[in-house]
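Before any comments, here is the structure.
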Amino acid sequence: MESENLKNETSSEKTKNFLEEIIEEDIRTGKHGGRVLTRFPPEPNGYLHIGHAKSICLNFGLAQKYNGKTNLRFDDTNPTKEDVEYVNSIKEDIEWLGFKWDNELYSSDYFEQLYQWAELLIQKGLAYVDDQTQEQIRTNRGTVNQAGTNSPYRNRSVDENLDLFRRMRAGEFKDGEKVLRAKIDMGHPNMLMRDPLLYRIIHTDHHRTGDKWCIYPMYDYAHGQCDSIEQITHSICTLEFDVHRPLYDWFIEKLEIFPSHQYEFARLNINYTVMSKRKLLQLVQEKTVMGWDDPRMPTICGLRRRGYTPESIRSFADKVGVAKRDNVIDLSLLEFCLREDLNKRALRRMAVLNPLKVVITNYPEGQVEELPAINNPENESAGKRMVPFSRELYIERDDFMENPPKKYFRLAPGQEVRLRYAYFVKCTDVIKDANGNITELHCTLDPASRGGNSPDGRKVQGTIHWVSAQHAIKAEIRLFDRLFAKADPDDVPEGVDWKSSINKESLTVIEGLLEPSLRDVKPLDKFQFERLGYFCVDSDTTPSKLVFNRTATLKDTWAKIAGQ
RNA sequence: UGACCUAUGGUGUAGUGGUAGCACAGCAGAUUUUGGUUCUGUUAGCCUAGGUUCGAAUCCUGGUAGGUCAACCA
């Protein structure tokens with residue numbers, strides 16, 4: 001028995017991903033004394049998205065699992081694109097996801113050290129100042145099938161290079177006039193090893209160093225050395241940096257500094273979504289969406305406003321796995337993680353989004369009673385609330401059919417249903433306007449079924465939600481659908497813009513009627529409107545106007561049957 | 001003169017020479033005061049051709065397919 005339990009536990013244990021294998025091997029062999037230090041290195045030039053969330057969960061998660069730590073390091077080597085606005089949003093999003101960094105650092109903290117190392121490379125004959133134009137450098141780099149050609153300035157003396165580089169730093173040259181390059185091999189099969197640029201001149205103030213510098217290091221020259229300075233043990237990045245690794249290693253080897261190592265994993269892709277920073281920025285700038293935090297955006301702030309929880313996103317990051325093959329995750333997995341989490345925690349409420357008036361003809365006019373309703377059937381400690389019931393109600397228009405198909409369990413002429421937590425009712429009359437549209441239903445209730453059960457034990461097949469007409473409160477409800485109509489938004493014919501893949505019906509705004517207990521809610525509060533979905537109070541909510549976002553619908557088996 | 005990375009159900013992901021498993025999605029059923037949840041069952045997979053081996057998803061070789069790289073971006 002005991003051994004069987006043990007066996008079950010072991011076999012249900014989650015299998016390791018390749019990074020966990022590597023780290024465990026490193027710990028086993030005593031590499032870095034068994035120490036694990038990772039880093040999350042965003043460039044502060046945009047908002048974090050769900051793809052970054054995967055990387056954050058990976059880096060912080062790995063450190064947590066192996067008693068290590070994680071640094072937050074802003075990769076701020078390009079002052080023309082970066083801004084403190086982004087620094088702040090990034091920190092907020094990481095904290096919201098539930099992670100704490102060990103140190104808040106910036107690549108710019110290391111500019112002086114990086115500069116000194118550049119002089120060292122010059123002295124070693126491994127770097128030179130190039131006067132070629134941008135165009136010349138590009139041309140002379142060759143192509144993937146053709147070797148590049150050496151710069152005419154490649155063999156300047158150490159002294160001349162040093163003098164020129166110092167004058168670059170001193171601001172004697174204009175933007176683009178000179179660059180510092182590593183002297184490696186213009187014929188290397190890896191393009192990145194063809195004398196890569198180390199420094200370029202940019203006379204632009206930096207968000208942290210101000211006007212102290214007018215030369216800035218390139219990514220390849222900065223990233224590995226920053227890792228090394230911090231003694232990062234496992235520098236984890238996405239697959240497209242794989243080809244950069246020889247360069248990463250080259251600097252560490254030539255500079256003889258701490259040997260951080262880079263590992264690459266496949267970035268996250270989700271269907272019906274775009275993940276590129278450039279495209280997300282475009283959606284914001286062209287006002288296709290309301291902003292970076294538009295609830296349809298895959299940004300972390302967008303998902304937060306939509307009503308996603310940190311737990312659901314972490315669970316998602318866990319479920320998508322970590323490997324090296326390209327992948328496209330079904331959006332349904334993200335929704336599953338959301339529902340799985342919210343089902344356990346969201347308080348249930350009743351709301352009618354497409355109202356149809358119902359008059360209970362055998363219920364006294366003016367009478368009101370309060371009926372107890374369960375807040376969350378998944379969590380008894382969430383308790384109960386009282387919901388007002390009266391003669392005039394609203395139900396969902398979809399919950400009535402005059403000529404129902406077979407297996408339609410909801411309200412229909414002569415068919416009895418349960419009003420959730422209230423009474424069994426039967427429809428006696430259907431009131432229509434001159435055009436034949438149904439405007440109102442007359443029903444009778446069975447007083448003995450108060451609370452939702454009949455003492456005679458008879459069953460009803462359907463239970464529908466409702467609100468009391470005189471007590472209902474109004475709210476703006478924003479119904480979201482996927483932002484793109486195509487699974488792969490980039491799959492468009494030659495010459496057609498990716499934005500043609502946008503789903504033009506991704507937002508529908510309606511007015512809903514809510515049970516009165518929803519009067520005092522605040523932004524980010526989350527509820528399940530029974531039988532409809534999960535809804536989250538939007539930040540546009542004011543004391544005089546409630547706004548809810550539909551985070552996700554509930555699974556709808558009936559819609560599936562009815563659609564067939 | 002191309003280099004490198006990757007191929008397991010519809011989508012992801014395990015499997016490390018010995019019965020191809022898990023999750024999502026799908027389908028079927030049970031339970032249910034949410035057509036929700038929960039539970040049970042089920043469909044469906046090793047890119048290809050050789051080779052090594054008693055035995056290959058796994059090792060070797062050759063193909064094929066997809067991806068990354070030619071910003072003074074990161």
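The shown structure was predicted, so the numbers you read here are calculated from the model rather than taken from an experiment. Per chain, numbering begins at 1; letters A, B, ... match sequence-line order. Quick note: numbers below take in every heavy atom, side chains included, and nothing from hydrogens, waters or symmetry partners.
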Between [X] ([atom1]) and [N] ([atom2]), how many Å, whole number?
X	N	atom1	atom2	answer
A/Trp466	B/U34	CH2	P	15 Å
A/Asn327	B/G12	CG	P	6 Å
A/Arg531	B/G35	CZ	P	5 Å
A/Arg345	B/U37	CZ	C1'	16 Å
A/Leu19	B/A14	CG	C1'	15 Å
A/Glu20	B/U13	CD	P	14 Å
A/Ile270	B/U13	CD1	P	13 Å

For nucleotides 19-24 of chain B, tabulate all protein N/O to nucleotide N/O atom pairs closer than 3.5 Å, reporting atom names and distance.
from	atom 1	to	atom 2	distance (Å)
B/C24	O2'	A/Ser332	OG	3.4

Subject >> Basic-acidic side-chain contact under 4.0 Å: A/Lys81, A/Glu43 >> reply: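 Looking at A/Lys81 and A/Glu43, the cut-off is not met.
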Original post:
So what does the secondary structure string of RNA chain B come out as, 5' to 3', with Watson-Crick or wobble pairs under 3.5 angstrom, [ ] for crossing and | for pairs with another strand?
Top reply: .((((((..((((....[..)))).(((((.......)))))....(((((..]....))))))))))).....
**OP:** Give me the ring orientation class for A/Phe165 and A/Tyr115: parallel if the planes are under 30° apart, tilted from 30 to 60°, perpendicular past 60°.
**Re:** parallel
**OP:** Do nucleotides 67-74 of chain B as a string where each nucleotide becomes B, S or -: B if the base has a protein heavy atom under 4.0 Å, S if just the sugar-phosphate does, - if no protein is that close.
**Re:** SSSBSBSB
